[in-house]
Amino acid sequence: MRRTKTLRIHTTTYIMNLWARKIGLLSLAALLLFSCEEENSIGLPPEDNLGIFFAEIPMRDYVKQVWVDDLPYDASGLLLVGEYEDPQLGEIKSIAFSDLSTTSLRASFPVSDTIDYNFVSADMTLRIQEAYGSTTNLPSVGYGVYQLLDTVDVNAEYTNSSALAIGNKIGETQFTFYLDSLGINLADSSDNQSITNIPDSLFDASGIYLYTASFDLDQPFWEDIFNQYRDVLLDTLSFPDSTLNASQEFDKIMKGIALQQESGNTALQFSGQDVRSFISVKYNRLTPSGTSEIEMFILFNSNKAFNEIRPNANSGWSLEKFNPLTDFYTPAELEDENAYIQSGANLFIALDFEPFKSFVDTLENTVFQGAELYLNSDSTLVLEGNDPISVLQFLLSSEERLNDNELVGIQDANFLGEVPIAINYDEADSNFIRIPTYLNQLTLDRTSLDKIIIRGPSVSRLDRIVIPKDSIFLRLYYSKTD
């Protein structure tokens, strides 16, 4: 009976020689091949073992960073506000810009010589969805609300380096942030008596606690905004029903707002689309029969909102280890043991598979039956955020595509359909994607896309991931057809 043997290649020296020198290629090929007296095994039952060879290749020397500067915002309605010092990435800062709209149109203001409309008050509420930076020891945070000097252009492609001119301060908030208030689930009430004391009305449809921040607004400013808008709606001579566009007129008056941090070391992610995020303007309707208080809601327009996130094209990285990131879309190697993803700053990981083709040249008539790219966390993935990234997205590119500032969506490359658009991963386990078809197409020169780009799920978040380069490796299962 022939012996079974599992061959696992872990030596980085062999891999470096493999992709650099012919003598190394021959050495590694010799290590990969089994003698005719031995049967290789990949953990399959003997009757299923079809002579498949196995190799495990560390990728640490082929991990680079790609910094991108022109990804447009995604109309998510997420407003990122704050500044903090990330120990791994340095200074991170975000200012949110948003258009506003109102559902109160002319029908809300009947025209009559006997009816008056008087401003009463204005306040703003935003739902908090996520926190970054200093989130422990009850941090005190302060944020300011500012009027924009121009409107947000719905046709513009705003990126993380875009910004609009900011005018006067028109509101503010200062409060103590409680991290444990994020993500309270009504379903956990049986295990937590304190949850049962919270009214059901303070939970959303999914049973998650509506943690909100209230802003004090400049009342004279908002009274002036109300009066201007009211006068437009009541002026049927200058603005007849046939030509009145109330939303456009409100835009001309209000223009929009910016939110920026004024104190603290914490960035908050607010949801502008949430039903608990709005500006409430209360006014009295005075008629001969009496006075009634009415509430007008001003909403955040997710189609006309974006975040200026630094680092970006106008503001570089504060830590020296990122100095090699001098050109956008150009893969750069950091002298660092880790690889980094910063969603909002558009910092991605690039894995170079071009050297892999040199390895295949040493193995004639080879077909890859299986190939797995591992991001092996082993509890070493370091995540930032209360609700850490649960998704990694994958794109493809090449030197030529990157020179043209292009990343290729995998769903557009049908022959590479096996490479997932995204995966869910567990920070306490190994995470991998299967790519045998991709590698076969690559080695047969049927695609020039020799780089896999790994990014976070959204440009509208500040999540960051730190992945040790030593935890990224490729497992190959291949057979020979001769």
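Note: hydrogens, waters and symmetry copies are ignored here, and every other heavy atom, side chains too, is used.
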As a quick check of understanding, evaluate side-chain contact (heavy atoms from CB on, under 4.5 Å) for Val152 and Leu164, giving each step before the final call.
CA-CA 8 Å; Val152 181; Leu164 296 175; 3.8 Å; yes
Any side-chain donor paired with an acceptor under 3.5 Å for [X] and [Y]?
X: Ser121; Y: Gln219; result: no
X: Tyr329; Y: Asp70; result: yes
X: Ser397; Y: Glu406; result: no
X: Thr151; Y: Asp99; result: no

Check: residues 330-339 side-chain donor-acceptor pairs under 3.5 Å, at least two apart:
unit_1	atom_1	unit_2	atom_2	d
Asp336	OD1	Asn338	N	2.8
Asp336	OD1	Tyr340	OH	2.8
Asp336	OD2	Tyr340	OH	3.4

Note: [X]-[Y] ion pair, threshold 4.0 Å (strictly below):
X: Arg461; Y: Asp463; answer: yes
X: Lys469; Y: Asp61; answer: no
X: Arg230; Y: Glu223; answer: no
X: Glu308; Y: Arg310; answer: yes
X: Arg464; Y: Asp86; answer: yes

Using ring centroids (six-membered ring only for Trp), state whether Phe109 and Tyr283 fall under 6.0 Å.
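Ring-ring flag for Tyr283/Phe109: true, centres closer than 6.0 Å.
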Tell me whether the rings of Phe278 and Phe297 are parallel (<30°), tilted (30 to 60°) or perpendicular (>60°).
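Ring orientation, 0 to 90° scale: perpendicular.
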Checking ring pair (Phe, Tyr, Trp, His ring centres under 6.0 Å) against Tyr229, which of Tyr117, Phe119, Phe250, Phe239 comes through?
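With Tyr229 as partner, Tyr117, Phe119, Phe250, Phe239 yield a single ring pair (Phe, Tyr, Trp, His ring centres under 6.0 Å), made by Phe250.
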For the pair [X] (side chain) and [Y] (backbone), establish whether a donor and an acceptor sit closer than 3.5 Å, ignoring hydrogens and angles.
X: Asp116; Y: Arg285; result: no
X: Tyr477; Y: Ala55; result: no
X: Thr287; Y: Ile115; result: no
X: Asn307; Y: Leu79; result: no

Could you work out, with ring-ring contact (aromatic ring centres under 6.0 Å, His included) as the rule, every residue matching Tyr158, not counting sequence neighbours?
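Here the qualifying residues are Phe306.
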Let's go through Asn185 and Ile208 carefully: what are the C-alpha distance in whole Å and the side-chain angles of both, what is the deciding distance for side-chain contact (heavy atoms from CB on, under 4.5 Å) to 0.1 Å, and is it a yes or a no?
CA-CA 5 Å; Asn185 196 322; Ile208 305 301; 3.7 Å; yes
Between Tyr211 and Arg127, is there a cation-pi geometry (under 6.0 Å to ring centre, at most 45° from the normal)?
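So Arg127 doesn't make the cation-pi contact.
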With Asn314, which residues qualify under side chain to side chain contact (heavy atoms under 4.5 Å, CB included), at least two apart?
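Result, side chain to side chain contact (heavy atoms under 4.5 Å, CB included) vs Asn314: Ser161, Asn312.
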Do Ile349 and Ile465 pass the side-chain contact (heavy atoms from CB on, under 4.5 Å) test, and can you show the C-alpha distance, the side-chain angles, and the key distance before you say yes or no?
CA-CA 10 Å; Ile349 294 174; Ile465 307 178; over 6 Å; no
